[in-house]
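Ligands are counted one by one from 1 in listed order, and the atoms in each one are counted from 1 as well.
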Amino acid sequence: MKTVCAIPGEDAAPEAFHPTVALIESLGLDLRFCYPPVGQAGLEGYGKAFPRQAREMIDASDATFFGATNGQSAAALFYLRWGKATYANVRPTRYLTGYKSPLASPEGLDLVIVRENLEDAYVCVEGDLEDGVVANLRSRTARKRLGELGKGRYAVKAITDKGAEQVARHACELARRRKSQGHPGKLTCGTKHNMLPHVDGLFRDVTARVAQDYPDVTFESFIVDDLAHRLVAQPQSLDVVLLPNLYGDILSDAAAGLAGGLGLAASGCYGNRYAYFESAHGSAPDIAGRGIINPTATILSGVMMLEHLGFSEAAARLHAALEATYAAGEALTPDQGGSASTQQFCDKVSTHL
Ligand code: IPM
Ligand code: MG
């Protein structure tokens with residue numbers, strides 16, 4: 001029996017989350033959901049948005065299934081990332097017939113962004129330029145000391161050898177696995193190593209070195225702005241794309257836009273001992289309470305979670321039911337050009353199971 005912590009999140013996220021959990025429960029697996037007191041539930045029960053009790057439930061579970069947060073459940077999200085060291089944020093973009101893609105020819109769009117999930121600007125170290133600690137650092141472009149740039153602020157972007165290496169290895173393994181399933185087996189790395197040779201150069205060099213251990217995987221590397229252009233102009237040329245954290249955050253939303261929007265964007269965050277699964281979109285406060293949020297991103301994240309937990313057949317069944325729903329163009333939510341509610345969409349997926 002596998003145990004999954006379910007954290008629905010805030011705003012419209014629970015409206016996608018609960019019917020998705022019901023779909024997964026209808027598969028009749030040896031899997032049970034438990035609900036740690038996080039966010040509002042934590043505040044009400046324990047006076048904290050992320051009490052010890054919630055952390056202990058996560059620690060005792062096999063995985064976490066997360067909706068999306070407007071901040072109230074953020075402490076839990078931070079624990080799932082940094083506390084559980086889930087360094088590889090895997091964000092697939094795969095066009096399914098029926099998606100409302102802005103591309104004229106979206107067929108064959110099937111790529112996966114692997115986003116480093118813990119470092120880069122997400123070390124979240126910021127300060128004031130006048131601060132004496134960094135005043136002696138020199139800007140290579142302005143040729144001034146940092147403290148002489150004027151009144152302002154700075155942020156640290158940190159890449160470690162270990163952080164780059166472990167996510168590069170995860171991406172290479174994924175490219176190899178995809179190759180065995182008929183994909184090109186190509187890894188594309190994107191960095192700004194022309195401006196930041198020291199930091200982004202490290203990410204690229206470590207990735208290139210790790211890729212040498214995978215001679216069956218084709219390796220290429222582009223400056224990230226060039227890669228952004230390729231992502232839009234020739235998305236079908238990409239297979240597995242490896243990016244440092246912030247570029248990965250930005251370009252994964254862009255990739256979702258190519259397929260048909262954020263409502264379709266799934267993700268799984270993997271560490272060496274734990275993984276959690278969440279849609280890549282936010283909590284969609286603008287449509288909260290209307291019952292029209294597209295649950296596809298949540299369902300696809302659920303598919304990734306089932307695969308991770310060893311329920312491959314069930315994962316394939318759920319994915320096939322989703323595919324059939326889109327292929328028939330039935331009961332689609334407004335973001336995909338339909339007029340169905342979230343529940344009507346899920347009911348339709350259920351009939352295809
Ligand atoms: C994401 C989100 C998060 C991020 C936010 C909510 C902190 O945008 O998962 O992509 O920036 O990582
Ligand atoms: Mg994001």
Exercise for review: Would you check the N or O atoms of Asp253, main chain and side chain alike, for any that come under 3.5 Å of an N or O of ligand 1?
Suggested key: no

Review point. With the threshold set at 4.0 Å, does a side-chain nitrogen-carboxylate oxygen contact exist between Arg81 and Glu278?
Key: yes

Check your understanding: Does Arg178 come within less than 4.0 Å of Asp239, counting only side-chain N to carboxylate O?
Key -> yes

Check your understanding: Parallel, tilted or perpendicular: which fits the ring planes of His170 and Tyr87, with parallel below 30° and perpendicular above 60°?
Key -> perpendicular

Point to revise | Distance flag for atom 1 (C) of ligand 1, protein heavy atom under 4.0 Å | key: yes

Practice item. Please work out which of the three classes, parallel, tilted or perpendicular, describes the rings of Phe66 and Tyr276, given edges at 30° and 60°. Key: perpendicular

Check your understanding: How far is atom 8 (O) of ligand 1 from its nearest protein heavy atom, and which residue and atom is that?
Key -> Asp249 OD1, 3.3 Å

Practice item. May I ask you to check if ligand 1 and Arg115 share an N or O to N or O distance below 3.5 Å? Key: yes

Check your understanding: Which atoms of ligand 1 have any heavy atom of Tyr122 under 4.0 Å away?
Key -> 4 (C), 11 (O), 12 (O)

Practice item. Look at the aromatic rings of Tyr326 and Tyr99 and report parallel, tilted or perpendicular, splitting at 30° and 60°. Key: perpendicular

**Study point:** For Lys84, the option from Asp59, Thr64, Asn272 that meets side-chain hydrogen bond (donor to acceptor under 3.5 Å, both in side chains)
**Key:** Asp59

**Study point:** same_hphob_cluster(Leu262, Val112) at 4.5 Å side-chain heavy-atom cutoff
**Key:** no

Review point. Under the 4.0 Å line, does any protein heavy atom show up next to atom 4 (C) of ligand 1?
Key: yes

Study note, to complete from the structure: The closest protein heavy-atom partner of atom 6 (C) of ligand 1 is Leu77 CD2, 4.7 Å

Exercise for review: Check each atom of ligand 1 against the heavy atoms of Arg91 and keep those under 4.0 Å away; list them by number with element.
Suggested key: 1 (C), 9 (O), 10 (O)

Check your understanding: Is the Mg ion (ligand 2) under 2.8 Å from any N, O or S atom of Asp249?
Key -> yes

